Amino acid sequence: MKLESIQVPIKNHVLADYWSPNTAIHQFFEYEYNDQAFEERAKHLAQHARDQKELTAIIRQFMEPLGLSNKANEHLEQLEQGAMVVVGGQQAGILTGPLYSVHKAISVIALAKEQSAKLQQPVIPVFWIAGEDHDLEEINHTYTVHGELLKKRAYSERSRRKTMASATVLNKELMTQLINTIVRDIGETEYTEALMKQLVDALNESETFTDFFACLMNQLFKEEGLLLIDAANFQFRQFESKYFAQIIHYNEEIARIVTEQEEELERAGYGKPILATYEAANLFYVEDGERHLLERKNELFVNLAANLKFTQDELLAIADKHPERLSNNVVTRPLMQEMTLPVLAFVGGPGELAYWATLKNAFSALDLQMPIFAPRLHITIVTRHAEQLLREHQLTVTDVWEGKALQLKERFIADVQDSEAKRQIQAMQQIVTEKYEELASYLEKQHLHLEKILVKNQENHEKQFDYLQQKIEQTVLSKHEATIRKFMTLQHELYPNDGFQERTYNPYQYINEFGPMLITEMLKQNYSIGKHHYLLYL
């Protein structure tokens, strides 16, 4: 395994400016990303130390059924004693979801290790599972390469209700069918049988999307001691009770601040990532596992479609007695995270960076300080086969990203076409056209009005010539299918769906090829958060 760092133009405007000094985006964050910021943030947390015993007990209780490694136990003990955390999170996707979920976890672990060494104190890696998320269409699928085609493979059961991932029970028979299809697509290797057993065993130990996700993530990262917590966990919700009360008390102010800051963000040239409004309550009410977004109208918290209406006192009573009935949105989740965890840094993607840019003053409104934002690592895995094809065609990974593999494919197809056959067909077409013109002229002189029939008859001949040309082209392409497939393999492996691999594939097709030690070996590499892109050659 070899790691290479390359510079890639950053297309996301917010992220590009975040990595550039003296840009307007920095006014929207508490810290710039540098060693001094980590030292200052660590001092701030030390001055605002909290009792972390209850938090630690909740995480331990959540993780014990998954299996606690020695390293996880060590991290829990350190957390209980007051250690800071680096945290990142993601929705509970099928087979961990796209690779960037794994990349986030690697980012969290790598940054926690780095800062533990630099600050000379324990920093614990934590993964926040967004089990409260109800957009199941976003998490119920993955992609594979089947033959020459990129295939979307989805869990087929649907629900009309917007139930949270942590409240949506899996149909194990349908999920097993999906796993079988995915494994069949990625092909059999010496590791496939063990991999299949690992996935099915994890599924059999799970009831919901979140259970399945947490089980797999723990299998992949348990030896690193990555701590997991589900945002929708019942005990965690009880722990959040008093913090929900704060959010409700300051609800109108939070909405105003975020709306105004987003308008400033737009004036600075960064758009409106949240589309915040003054009426937004930035909270959901949960009923039978389904989330209903609340807004403020006439001093009430309402969702008219679900026929929900609460006074502030009623909502505060819910926060006190039944906090599991409340859920955060994109605005309040970072605030809740800060209130519940001692966050040294938050690891997020480009989209999250844009959301967080609207929140600095909302943190201040709750007497909180925005933690350091650490953009996650960007990694592209290059399989041995892909590396061989790159060498064969004298291409680089960035060449493929720039469309050069597809250009070579089109050029190759043009070069191998049988131009002589095409010339002969065109000559035949010309002769037939001339003969039809002669016949049309003759029939006109004879006053035989058969123009429509003549046109139709000629069109039929033209269709046959086109059909013949297509069959010749298909036969030629079939003869060169192996070469054409190589170009498409490069495209699918390195730039599927015209985007980075990390947004399309799950990690298991690479585990199936490299073996069960893939994540362990990935974590042995030396990563650093920054404006580069890593290429990982298997």
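The first residue of the sequence shown is numbered 1, and numbering continues consecutively from there. Just so we're clear, the structure is a prediction, and the values are computed from it rather than from any experiment. Quick note: numbers below take in every heavy atom, side chains included, and nothing from hydrogens, waters or symmetry partners.
Nearest heavy-atom pair across M63 and L226 is CE-O, 3.5 Å. Between P350 and N12, the shortest heavy-atom contact is CB-ND2, 3.6 Å. In this structure, L494 and I381 approach most closely via the heavy-atom pair CD2-O, 4.1 Å. Of all heavy-atom pairs spanning Y191 and P516, the tightest one is CD2-CD, 3.7 Å. The two residues G131 and M164 come nearest to each other via the heavy atoms O-CB, 3.5 Å. Among all heavy-atom pairs drawn from L228 and F62, the shortest one is O-CD2, 3.3 Å.
In the displayed structure, Q394 atom CD is contacted under 6.0 Å by at most 12 heavy atoms of other residues, nucleotides or ligands. Surrounding CZ of R503 are at most 12 heavy atoms belonging to other residues, nucleotides or ligands under 6.0 Å away. For K222, the NZ atom sits in a packed shell: over 12 heavy atoms of surrounding residues, nucleotides or ligands are nearer than 6.0 Å. Other residues, nucleotides and ligands contribute over 12 non-hydrogen atoms within 6.0 Å of the CD atom of Q407. Other residues, nucleotides and ligands contribute over 12 non-hydrogen atoms within 6.0 Å of the OH atom of Y505. Crowding of E193 atom CD: a count of heavy atoms from other residues, nucleotides or ligands under 6.0 Å not exceeding 12.
Looking at heavy atoms from C-beta onward, V108 lies out of side-chain contact with V87 at the 4.5 angstrom threshold. With a 4.5 Å cut-off on side-chain heavy atoms, H492 and L490 do not count as touching. A heavy-atom distance below 4.5 Å is not found between the side chains of I182 and Y508. Annotation: side chain of P125 is not in contact with side chain of L227 (no heavy-atom distance under 4.5 Å). When side chains are defined from C-beta on, F221 does not count as touching L216, because their heavy atoms never get closer than 4.5 Å. You'll find the side chain of R158 reaches within 4.5 Å of the side chain of N140, heavy atoms only. Within the 4.5 Å cutoff, side-chain heavy atoms of I59 are placed close to those of L79. Side-chain contact between I94 and L178 is present, with at least one heavy-atom pair separated by less than 4.5 Å.
A donor-acceptor distance shorter than 3.5 angstrom exists from the side chain of S116 to the backbone of V123, with no hydrogens or angles considered. N512 contributes a side-chain N or O that, together with a main-chain N or O of G187, makes up a donor-acceptor pair within less than 3.5 Å. For S166 (side chain) and A232 (main-chain N/O), no donor-acceptor pair under 3.5 Å exists by modelled atom type. Checking side-chain atoms of N218 against main-chain N and O of L66 turns up a donor-acceptor pair under 3.5 Å. Checked by atom type and distance alone, the side chain of Q525 pairs as donor or acceptor with a backbone atom of E521 at under 3.5 Å. Formation of a donor-acceptor pair under 3.5 Å by the K104 side chain with backbone atoms of G89 is found in this model. The main-chain N or O of N328 is found under 3.5 Å from a side-chain atom of R291 such that the two form a donor-acceptor pair. Side chain of N329 to backbone of T332: a donor-acceptor contact under 3.5 angstrom is found. Judged by distance alone, the side chain of D211 and the main-chain N or O of E207 form a donor-acceptor pair under 3.5 Å. One N or O on the side chain of H26 and one on the backbone of S20 form a donor-acceptor pair closer than 3.5 Å.
In this pair, F127 and F213 present their aromatic rings tilted. The plane angle is within the 30 to 60° band. Aromatic ring orientation, F487 versus F412: tilted (interplanar angle from 30° to 60°). Between W356 and F346, the angle of the ring planes stays under 30°, which puts this pair in the parallel group of the 30/60° scheme.
If you check the side chains of T163 and T168, you find a donor sitting under 3.5 Å from an acceptor. With hydrogens and angles left out, the side-chain atoms of T142 and R153 include no donor and acceptor closer than 3.5 Å. T380 and E502 are not linked by any side-chain donor-acceptor pair at a separation below 3.5 angstrom, with hydrogens and angles left out of the test. In this structure, a donor-acceptor pair under 3.5 Å is absent between the side chains of Y143 and N506. E40 and Q36 share a donor-acceptor pair across their side chains, judged by distance under 3.5 Å alone. Inspection of the R333 and Q337 side chains reveals an N or O donor paired with an N or O acceptor under 3.5 Å. For the 3.5 Å distance criterion, the side chains of T208 and T210 fail to qualify, holding no donor opposite an acceptor.
The CD1 atom of I124 sits 9.0 Å away from atom CE of M84, with the distance rounded to the nearest 0.5 Å. To the nearest 0.5 Å, atoms CG (L119) and CZ (R41) are separated by 12.5 Å. Summarising the geometry, atom NZ belonging to K360 is positioned 9.0 Å from atom CZ belonging to F28; distances are rounded to the nearest 0.5 Å. Between the CD atom in E338 and the OG1 atom in T340 there is a gap of 8.5 Å [rounded to 0.5 Å]. How far CG of L293 is from NE2 of H134: 8.0 Å, rounded to the nearest 0.5 Å. Interatomic distance, OG1 of T383 versus CD of Q509, reported as 9.0 Å (0.5 Å rounding).
The pair K162-E137 does not meet the salt-bridge criterion, since no charged nitrogen lies less than 4.0 angstrom from a carboxylate oxygen. A salt bridge links R161 with E290; the closest basic N to acidic carboxylate O contact falls under 4.0 Å. The pair R384-E513 does not meet the salt-bridge criterion, since no charged nitrogen lies less than 4.0 angstrom from a carboxylate oxygen.
Residues H533 and W401 place their aromatic rings such that the two centres sit under 6.0 Å apart. Taking the six-membered ring for Trp, Y18 and F29 have ring centres closer than 6.0 Å. Two rings, from Y155 and F209, have their centers less than 6.0 Å apart. Aromatic ring centres of Y527 and Y534: separated by under 6.0 Å.
Within the structure, side-chain hydrogen bond (donor to acceptor under 3.5 Å, both in side chains) pairs that include any residue of residues 61-75 comprise R60-N73 (at least two apart or interchain).
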Criterion side-chain contact (heavy atoms from CB on, under 4.5 Å) on I25 and L265, from CA distance to verdict: CA-CA 8 Å; I25 196 63; L265 193 68; 3.9 Å; yes
Run the side-chain contact (heavy atoms from CB on, under 4.5 Å) test on V382 and V397 for me, step by step, so that the C-alpha distance in whole Å, both residues' side-chain angles and the decisive distance to 0.1 Å come before the verdict. CA-CA 8 Å; V382 184; V397 173; 4.0 Å; yes
Trace of the side-chain hydrogen bond (donor to acceptor under 3.5 Å, both in side chains) decision for Y100 with Q501: CA-CA 9 Å; Y100 59 66; Q501 169 200 92; over 6 Å; no
Could you walk me through whether L344 and V85 pass the side-chain contact (heavy atoms from CB on, under 4.5 Å) test, one step at a time? CA-CA 6 Å; L344 175 65; V85 307; over 6 Å; no
Pair R376-H103, side-chain hydrogen bond (donor to acceptor under 3.5 Å, both in side chains): steps then yes or no: CA-CA 7 Å; R376 68 170 172 83; H103 297 170; 4.5 Å; no
